[in-house]
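The structure appears right after this line, and notes come after that.
In the text below, chain A, chain B and the rest are named by the order of the sequence lines, each starting its count at 1. From a predicted model like this one, the values you see are computed outputs, not experimental measurements.
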Amino acid sequence: AQSVTQPDIHITVSEGASLELRCNYSYGATPYLFWYVQSPGQGLQLLLKYFSGDTLVQGIKGFEAEFKRSQSSFNLRKPSVHWSDAAEYFCAVKSNFGNEKLTFGTGTRLTIIP
Amino acid sequence: DAGVIQSPRHEVTEMGQEVTLRCKPISGHDYLFWYRQTMMRGLELLIYFNNNVPIDDSGMPEDRFSAKMPNASFSTLKIQPSEPRDSAVYFCASSLRETNEKLFFGSGTQLSVL
């Protein structure tokens, strides 16, 4: 069965500093991978996705993520965070065999300090 | 489009009562998902529909939970009888087959069972 691990429950970063959120997946074949963001009191919003091809994918709000098959990872990065990036971030995985089930990680809460 | 609309935003009820959560997906979307979010278990997929037909309900915790989608613009998630451990945020999401990896989430229903 597919699964996702986000090892960091909570990360604090200074505004303007770089950010990397970790995500590891478990799946037998090449999965579809996603990062979603959840602002307080809101539903989730898709940041970016990886299906195939270029392993470095660009998303909205200046985020990017890199798929590394050898490490089963799909880490999210941003070179310079803004206070508005404070939110909860979820990595997710989906089978590429037509099953529409999206499995989410437990999330990483990002706090931005001035 | 107004996005995915869920009601109510907050529901407080007593143990043993019936609870009905409602969802209006984005017009034209053919997939609808119900997720539950708790601190302990994160985001769990309960059930999803394709063209109003339930496809996978393996995430529904027990028989107290039921979901229906009588038409393309409306779905309900019912809990009867409710228990304190059902307290969570329940999200509805919808997507298009062509871009079914991009889920559009509602703002959720915060359920508290006392």
Return the option, out of B:Gln37, B:Arg41, B:Arg9, B:Gln6, with the maximum number of heavy-atom pairs under 4.5 Å with chain A.
B:Gln37

If two hydrophobic side chains count as joined below 4.5 Å and joins carry through other members, does A:Val93 share a cluster with A:Tyr50?
yes

CG/B:Asp63: more than 12 non-hydrogen atoms of other groups inside 6.0 Å
no

Any chain of hydrophobic side-chain contacts (each under 4.5 Å) joining A:Val81 to A:Trp35?
yes

Checking B:Asn50 now: which residues fulfil side chain to side chain contact (heavy atoms under 4.5 Å, CB included) with it, not counting sequence neighbours?
B:Asp30, B:Tyr31, B:Ile55, B:Arg97

Same cluster or not: are A:Ile60 and A:Leu110 linked, directly or through other Ile, Leu, Val, Met, Phe, Trp or Tyr residues, by side-chain heavy atoms under 4.5 angstrom apart?
yes

From A:Phe104 atom CZ to B:Leu45 atom CG, the distance as rounded to the nearest 0.5 Å:
9.0 Å

So, taking the atom named CD in A:Gln42 and the one named CZ in B:Phe91, what distance separates them when rounded to the nearest 0.5 Å?
8.5 Å

Taking atom CG of B:Leu43 and atom CG of A:Leu44, what is their separation to the nearest 0.5 Å?
5.5 Å

Say you draw a straight line from CE of B:Met40 to OG1 of A:Thr106; how long is it, rounded to the nearest 0.5 Å?
11.0 Å

Same apolar cluster (I L V M F W Y, side chains within < 4.5 Å links), B:Ile79/B:Tyr35
no

Keeping B:Tyr48 on the side-chain end and A:Leu102 on the backbone end, is there a donor-acceptor pair under 3.5 Å?
no

Has B:Glu18 got more than 12 heavy atoms of other residues, nucleotides or ligands less than 6.0 Å from its CD?
yes

Quick one: do B:Phe74 and B:Leu96 end up in the same hydrophobic cluster if we chain Ile, Leu, Val, Met, Phe, Trp and Tyr together by side-chain heavy atoms under 4.5 Å apart?
no

Step by step, would you call A:Tyr36 with B:Leu103 a side chain to side chain contact (heavy atoms under 4.5 Å, CB included)?
CA-CA 9 Å; A:Tyr36 278 79; B:Leu103 300 183; 3.5 Å; yes

Listed by number, the residues in residues 105-114 of chain B that come under 4.5 Å of chain A (heavy atom to heavy atom) are B:Phe105, B:Gly106, B:Ser107

